[in-house]
S.K.: 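My questions all concern the structure below.
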Amino acid sequence: MTAELLLQSIQLSMPEIILAVGAMALLMVGVFSGERSTSMVTGLAVGVLIIAGLWLLLVTGSGSAFGGAFLADPFAKFMKVLILIGSITAMVMSVGQAREERINRFEFPVLIVLATLGMMLMVSANSMIALYLALELQSLALYVVAAINRDSVRSTEAGLKYFVLGALSSGMLLYGASLIYGFTGHTGFQEIAAVLAADERSLGLVFGLVFVLAGLAFKISAVPFHMWTPDVYEGAPTAVTAFFAAAPKVAAMAMLTRIVIEAFEPITPDWQQIIVFVSIASMILGAFAAIGQRNIKRLMAYSSIGHMGYALVGLAAGTQAGVSGVALYMLIYMVMTLGTFACILAMRKKEEGNVEEIDDLAGLASTHPFMAMMLTILMFSLAGIPPLAGFFAKYFVFVAAIEAELYALAVIGVLASCVGAYYYLRIIKIMWFDEATESFVPASGELKLVYGIAGIFTLGYLFIGGPIGAAAQAAAASFF
């Protein structure tokens, strides 16, 4: 690689370099200052993420770097901005909760920055090797974050389950990548696509594709690789769960989209069957399994499984409209989820501390009317009730599926959405019509800000959706 190409590569990957250098510097600050530096390290970590985001938006151009292993395009930029927003918001939400959740260690913000770095590299990965390295960087940081509350058996158990199943999924992904390399002779996505377009695909390659998609399905917690999600969501500290539910899902969905649309576009009918099956299974399980849940974090886990199924409806279409729908869905899903988890973090009583039972929300409308109003808007939106943002998210992916003649998939999606509406409406009923037993302590300013902005965005999406939809379409145009 010449000096000119190296300089170009560094310029294109500068946001990632900022995060890597920032994480190392923050680690040094934390090590030499001790535990009392937690608040300072958290503030500096948020600053590093904001600087990386501004550089990404204002300076970074488009092109490929490091011999084609790293790709900077409008799709990557759109998804990276979402990831950075998700990480910053999750970190801000954790500030007031760190002591109660026992995550007030300086390692926590450093691990979040490292996980965010892995996610951004995942989105830009343009070869199997780059994809795997980025995925492992993200995963290793998340394994530690899940079990960061060492005094809690639940947190330790969540981290262990996530680690064991995550290692299994990484192994499946790596085995699939080795099969694809064996049958095509390449690891780069464009080169794999060129080989598939020129020759008839072999059975061994299809096996490799299945293993790769299985490994990626784990990362978005899609059925049948969803087993870890309810236990990890419930066991991990709530501030950590909020992070898990937002940014990593966006990164994994972006990576899945890039690999099937770029590398395996010539064999679309093969991967389309897998995506359709996973999508239907996720939507149905997410709709029915959440009905009997009493813990709100477990309910949100099954809700996220269902929502990943809806997002996959757009991907199954394999068209520009479908990819645009996926990008838009992930944005709206992330906002709704972060707002909901801000409300869950605010469920705190004087004597008991943080509570997680849905019945604890009884009478919230009379004790905390603003929080009840915002949570009601978010629940209606998650259910897909018009004219809220969640309705438009589902509308665009279903329209893309219908245009691709996947009629059965769209119909099942609509029916699953109707079933799923039940458990969201049940939460609203408990908040507005049940008698209050004990009031929550007032929420911190950070949490009020997050669920307030999320509720207003969801409610007013009709008025601001145009530019956001245009940005999603521009991102999708990167592939077509």
Side-chain angles (χ1 to χ4, degrees), residues 90 93 146 154-155 157-158 161-162 220-223 226-246 248-249 281-311 332-348 354-365 371-372 374-385 388 390 393-394 416-434 440 447 450-451 454-455 458:
M93 283 161 57
R154 278 174 50 184
S155 180
E157 182 188 350
K161 281 180 179 174
Y162 191 33
I220 60 168
S221 63
V223 177
H226 65 284
M227 306 81 67
W228 62 275
T229 317
D231 292 335
V232 172
Y233 271 45
E234 184 184 8
T238 308
V240 173
T241 307
F243 177 63
F244 273 29
K249 294 284 173 70
S282 299
M283 289 188 294
I284 291 173
L285 183 122
F288 285 97
I291 289 173
Q293 299 302 321
R294 292 289 173 266
N295 182 293
I296 195 162
K297 283 164 71 177
R298 287 187 76 87
L299 183 141
M300 288 303 295
Y302 285 110
S303 169
S304 80
I305 293 167
H307 281 285
M308 290 304 103
Y310 297 125
I332 293 169
Y333 163 78
M334 190 184 78
V335 172
M336 295 187 299
T337 302
L338 286 171
T340 304
F341 272 100
C343 293
I344 295 170
L345 278 163
M347 291 170 60
R348 196 161 155 265
N354 283 91
V355 291
E356 298 171 4
E357 296 301 306
I358 295 170
D359 291 336
D360 290 315
L361 288 166
L364 188 68
M371 179 178 160
M374 292 300 111
L375 188 54
T376 300
I377 292 168
L378 292 166
M379 289 296 112
F380 274 132
S381 184
L382 284 164
I385 307 294
L388 301 173
K394 288 179 180 175
S417 192
C418 292
V419 174
Y422 166 77
Y423 53 82
Y424 297 122
L425 295 175
R426 181 172 158 265
I427 292 174
I428 295 167
K429 175 257 175 190
I430 287 170
M431 285 193 297
W432 289 89
F433 298 110
D434 287 13
F440 297 138
L447 296 180
V450 172
Y451 64 64
T458 305

S.K.: Decide yes or no for L299 and N295: does some side-chain heavy atom of the first lie under 4.5 Å from some side-chain heavy atom of the second?
M.R.: no
S.K.: Kindly indicate whether the side chain of L364, heavy atoms from C-beta on, has any atom under 4.5 Å from the side chain of F440.
M.R.: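 Contact flag for L364/F440 side chains = yes.
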S.K.: When rounded to the nearest 0.5 angstrom, what distance separates CZ in R426 from CD in Q293?
M.R.: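 Between atom CZ of R426 and atom CD of Q293 there are 10.0 Å.
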S.K.: What are the two closest heavy atoms between M336 and G390, and how far apart are they?
M.R.: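 It is SD-CA, 4.0 Å.
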S.K.: How long is the span from the CG atom in L425 to the CE atom in M379, to the nearest 0.5 Å?
M.R.: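 The CG atom of L425 sits 10.5 Å away from the CE atom of M379.
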S.K.: Are S221 and K249 close enough that a side-chain donor and a side-chain acceptor fall under 3.5 Å?
M.R.: yes
S.K.: How far apart are the closest heavy atoms of L338 and A246, and which atoms are they?
M.R.: CD2-CB, 3.8 Å
S.K.: Show the nearest heavy-atom pair for residues K394 and S417, with the distance to one decimal.
M.R.: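 Of all heavy-atom pairs spanning K394 and S417, the closest is NZ-OG, 2.8 Å.
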S.K.: Given ring-ring contact (aromatic ring centres under 6.0 Å, His included), test F243 with F341 step by step and report yes or no.
M.R.: CA-CA 9 Å; F243 177 63; F341 272 100; over 10 Å; no
S.K.: Ignoring hydrogens and angles, tell me if any N or O in the side chain of T337 forms a donor-acceptor pair with the backbone of M334 under 3.5 Å.
M.R.: no
S.K.: Given side chains that start at C-beta, do those of M308 and I305 come closer than 4.5 Å, heavy atoms only?
M.R.: no
S.K.: As an exercise, state the distance from CD1 of I427 to CZ of F380, rounded to the nearest 0.5 Å.
M.R.: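 These two atoms lie 11.5 Å from each other.
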S.K.: In sequence, state the C-alpha distance, the side-chain angles, and the governing distance for T238 and M347, and then conclude on side-chain contact (heavy atoms from CB on, under 4.5 Å).
M.R.: CA-CA 11 Å; T238 308; M347 291 170 60; over 6 Å; no
S.K.: Would R154 and E356 pass as an ion pair if we require N to O under 4.0 Å?
M.R.: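 Result for this pair is yes, salt bridge flagged.
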S.K.: Could you walk me through whether Y333 and H307 pass the side-chain contact (heavy atoms from CB on, under 4.5 Å) test, one step at a time?
M.R.: CA-CA 8 Å; Y333 163 78; H307 281 285; 3.8 Å; yes
S.K.: Are Y424 and S303 close enough that some pair of their side-chain heavy atoms sits under 4.5 Å apart?
M.R.: yes
S.K.: Between Y310 and S282, does any side-chain donor sit less than 3.5 Å from a side-chain acceptor?
M.R.: no
S.K.: Measure from the side-chain N and O atoms of S155 to the backbone N and O of A146, and report whether any donor-acceptor pair falls under 3.5 Å.
M.R.: yes
S.K.: If we only count heavy atoms from C-beta on, is the Y302 to T229 side-chain gap below 4.5 Å?
M.R.: no
S.K.: Contact between D360 and I296 at the side-chain level, heavy atoms closer than 4.5 Å - yes or no?
M.R.: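 Contact flag for D360/I296 side chains = no.
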S.K.: With a 4.5 Å heavy-atom cut-off, do C343 and M371 have their side chains touching?
M.R.: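 Answer yes - side chains close enough.
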S.K.: So, the side chain of T458 versus the backbone of A454: is there a donor-acceptor pair under 3.5 Å, distance only?
M.R.: yes
S.K.: Which heavy atom in L378 sits nearest to a heavy atom in T340, and how many Å separate them?
M.R.: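 Heavy atoms of L378 and T340 come nearest at CD1-N, 3.6 Å.
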S.K.: Are the side chains of Y451 and L375 in contact, using a 4.5 Å heavy-atom criterion?
M.R.: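 SC-SC contact between L375 and Y451 ruled out.
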S.K.: Ion pair present between E357 and R294, side-chain N to carboxylate O less than 4.0 angstrom?
M.R.: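 R294 and E357: not salt-bridged.
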S.K.: How close do A372 and A365 get, heavy atom to heavy atom, and via which atoms?
M.R.: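 Taking every non-hydrogen atom into account, CB-CA, 3.6 Å.
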S.K.: Identify the heavy atoms of L388 and I377 that sit nearest to each other, and give their distance.
M.R.: CD1-O, 3.6 Å
S.K.: Run the numbers on T376 and M431 for side-chain contact (heavy atoms from CB on, under 4.5 Å), then give the verdict.
M.R.: CA-CA 8 Å; T376 300; M431 285 193 297; 3.4 Å; yes
S.K.: Checking D231 against E157 for the side-chain contact (heavy atoms from CB on, under 4.5 Å) test, could you report, in this order, the C-alpha distance in whole Å, the side-chain angles of both residues, the deciding distance, and whether it holds?
M.R.: CA-CA 8 Å; D231 292 335; E157 182 188 350; 5.6 Å; no
S.K.: Does K429 pair with D434 as a salt bridge, N-O distance under 4.0 Å?
M.R.: yes
S.K.: A cation-pi test, strictly: NZ or CZ of K297 under 6.0 Å from the centre of the six-membered ring of Y233 and no more than 45 degrees from its axis. Yes or no?
M.R.: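 Not satisfied by the 6.0 Å and 45° rule.
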